[in-house]
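Please read all numbers here as calculations on a predicted model, not as lab measurements.
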Amino acid sequence: MRILHTADWHLGKTLEGRSRLPEQAQFLDELAAIVEEEKIDVILMAGDVYDTVNPPAQAEVLFYESLQKLSDKGRRPVAVIAGNHDNPDRLSASQPLASTQSISLLGYPTMDIQSIHIPTTGELLRLASLPYPSESRLNEVLSDTFDEKMIRDHYDARIRQLFEKMCESFTADSVNIAMSHLFVAGGSSSDSERPIEVGGAFTVAAESLPHQAQYVALGHLHRPQTIKRAKTMARYSGSPLAYSFSEAGYAKSVTIIDAVPGEDVVTNEIFLSSGKPLVRWKATEGLQQVFGWLEEKKDANSWIDLEIHVTNALSMEEIHRVRKLHDGILHIRPIFPEMIEEKSMVKMDSMPIEELFVRFYEKQSGGAQPEEGLVRLFLSLLNEEAGKEGEA
């Protein structure tokens, strides 16, 4: 059985107001070509189909048209779970229609295992699917304390329990796979050394992933990576496109798994070519260096974050000229001589607090982006603390 693992499509996501839908459509066309060329029998999509709980209509159309194409009229099963950016009700609303095409859309965590017959091989796939398991989506309170380490331990134990229950339905004559959208820490020992971190309360130890599964398909982190401390083969496929400049330079891919009942799986990473790269330009020689790059057509089909070392402020005319010559330039940041020595301090001080929070979260989580609700909660807590200090 050949399984393709993908995740974190984030359909509808924009970059500084620029639509990424054409790039996402290009990826989905590339994905359709890969499943044909590689003779894929079943596709697993591990969450974050959309970028928001209320995606634009064009993103939904792209999703459903692509699913229909990928499933090949039911000859190639597709299993999709909700991620933290997805509305679980909205994602699973079309399940009655999708099921007629051998497409599974699972919104909420459940202990029911999925048994999927694979038409091309005649084999059975038993899939322990766990959509994004937040407290609200699990519909239970995991701890009555605000101690972060205790919350994390309770959460980890609950996720392990859910997987163990589902894995009881695994059989010796089926291919047994688990799939979830969550943040796996490097391991309990290193995690317990730093219990206070963004997202730390809702992380799962690598050792808690189900060892009964032949492979664990993960979504949430945008960098493709294998979880080394897991007791079985567990992997994040990563996002198909770079969605922030913190992902500049990441190689994007999907993962193919060759599985036979009762045996270790064999994995293969297929690199993607779709979408525009995100590139950082640092023009240490000033504006003329930028114009030289533009004449050379450097990174002509990329999104650009531009930093220019200058002695005087850029005029509006110069800025317009640069943008006119390359419509992919998103940021233009002048760096003055007096800023260089204290660049990091100036950069941090001039950055909006919410952007600092997002960058910190991305760094701590290996590329994942925080939900809008989490950012709002952070800002509200910050304002609350500021108000208390003002009263004092």
Side-chain angles (χ1 to χ4, degrees), residues 8-31 33-34 51 62 222-225 238-254 269-348 350-352 355 358-359 362-363 366-367 369:
D8 296 280
W9 294 354
H10 289 274
L11 301 181
K13 187 172 180 61
T14 61
L15 182 65
E16 299 295 329
R18 313 290 184 93
S19 174
R20 307 295 300 279
L21 274 174
E23 296 169 77
Q24 291 168 339
Q26 183 187 17
F27 153 67
L28 288 165
D29 285 342
E30 184 178 9
L31 182 63
I34 289 171
D51 190 56
L62 178 60
H222 289 189
R223 179 183 299 203
Q225 55 193 284
S239 62
L241 304 178
Y243 284 123
S244 73
F245 282 97
S246 65
E247 297 176 53
Y250 283 16
K252 298 298 184 176
S253 64
V254 294
E269 190 174 9
I270 302 294
F271 292 98
L272 301 168
S273 60
S274 301
K276 297 182 179 182
L278 270 61
V279 179
R280 287 191 169 104
W281 281 3
K282 292 189 178 182
T284 56
E285 298 173 19
L287 194 57
Q288 287 309 310
Q289 185 178 22
V290 176
F291 287 133
W293 289 337
L294 293 171
E295 286 179 12
E296 296 168 7
K297 305 294 184 183
K298 179 181 179 181
D299 298 317
N301 189 41
S302 299
W303 299 112
I304 307 294
D305 176 84
L306 173 59
E307 183 179 285
I308 312 177
H309 288 233
V310 293
T311 53
N312 299 306
L314 294 170
S315 68
M316 289 304 296
E317 189 176 333
E318 290 170 325
I319 292 172
H320 286 316
R321 184 183 170 194
V322 169
R323 291 193 182 280
K324 186 176 181 180
L325 291 171
H326 195 314
D327 60 6
I329 293 178
L330 301 177
H331 310 127
I332 300 177
R333 276 193 315 283
I335 301 296
F336 298 98
E338 59 270 22
M339 296 168 62
I340 296 174
E341 291 182 5
E342 301 177 5
K343 180 181 175 183
S344 59
M345 186 181 299
V346 172
K347 185 177 179 182
M348 296 292 280
S350 61
M351 194 179 295
E355 187 174 345
V358 169
R359 291 192 178 197
E362 287 178 345
K363 183 178 179 181
Q369 294 192 336

Hey, is CD on E285 packed in by over 12 heavy atoms from elsewhere, all under 6.0 Å? no

Is there a donor-acceptor pair under 3.5 Å between the side chain of H10 and the backbone N or O of L241? no

Answer yes or no for R20 and F27: cation-pi contact, defined as NZ/CZ to six-membered ring centre under 6.0 Å and angle to ring axis within 45°. no

How many angstroms lie between atom OG of S253 and atom CG of L272, to the nearest 0.5 angstrom? 6.5 Å

All heavy atoms of W281 vs all of I329, minimum pair found to be CZ3-CD1, 4.4 Å

Which heavy atom in R280 sits nearest to a heavy atom in A248, and how many Å separate them? NH1-CB, 4.4 Å

Indicate yes or no: at least one non-hydrogen side-chain atom of L278 is less than 4.5 angstrom from one of D305. no

Quick check for you: to the nearest 0.5 Å, what is the distance between L306 atom CG and I319 atom CD1? 10.0 Å

Looking only at atom types and distance, does a side-chain atom of S19 sit under 3.5 Å from a main-chain N or O of L21, one as donor and one as acceptor? yes

Passes side-chain contact (heavy atoms from CB on, under 4.5 Å), L330 versus F245? Steps please. CA-CA 11 Å; L330 301 177; F245 282 97; 4.0 Å; yes

At their closest point, which heavy atom of K252 faces which heavy atom of H222, and how far apart are they? NZ-O, 2.9 Å

Check whether E23 reaches the backbone of K276 with its side chain - one donor and one acceptor, N or O, closer than 3.5 Å. yes

Minimum heavy-atom separation for P277 and N301, please, with both atom names. CD-O, 3.3 Å

Mind checking the CD1-CG spacing from I34 to L28? Nearest 0.5 Å is all I need. 10.5 Å

Within this structure, what is the NZ-CZ distance for the pair K324 and R321, rounded to the nearest 0.5 Å? 10.5 Å

Separation of D8 CG from Y243 OH (nearest 0.5 Å): 8.5 Å

Please give me the minimum heavy-atom distance between S302 and H326, naming the atom from each residue. O-CE1, 3.3 Å

H309/Q289 under side-chain contact (heavy atoms from CB on, under 4.5 Å): CA gap, chis, key distance, verdict: CA-CA 10 Å; H309 288 233; Q289 185 178 22; over 6 Å; no

Is there a side-chain contact between R323 and I332 in this structure, where contact means two heavy atoms from C-beta onward sitting under 4.5 Å apart? yes

Given side-chain contact (heavy atoms from CB on, under 4.5 Å), test L31 with W9 step by step and report yes or no. CA-CA 11 Å; L31 182 63; W9 294 354; 3.8 Å; yes

Heavy atoms of F271 and E30 approach each other most closely as O-OE2, 4.1 Å

Dump the intermediate steps for side-chain contact (heavy atoms from CB on, under 4.5 Å) on L314 and V322, then the final yes or no. CA-CA 11 Å; L314 294 170; V322 169; over 6 Å; no

Report yes or no: does R223 contribute a side-chain atom to a donor-acceptor pair with the main-chain N or O of E247 at less than 3.5 Å? no

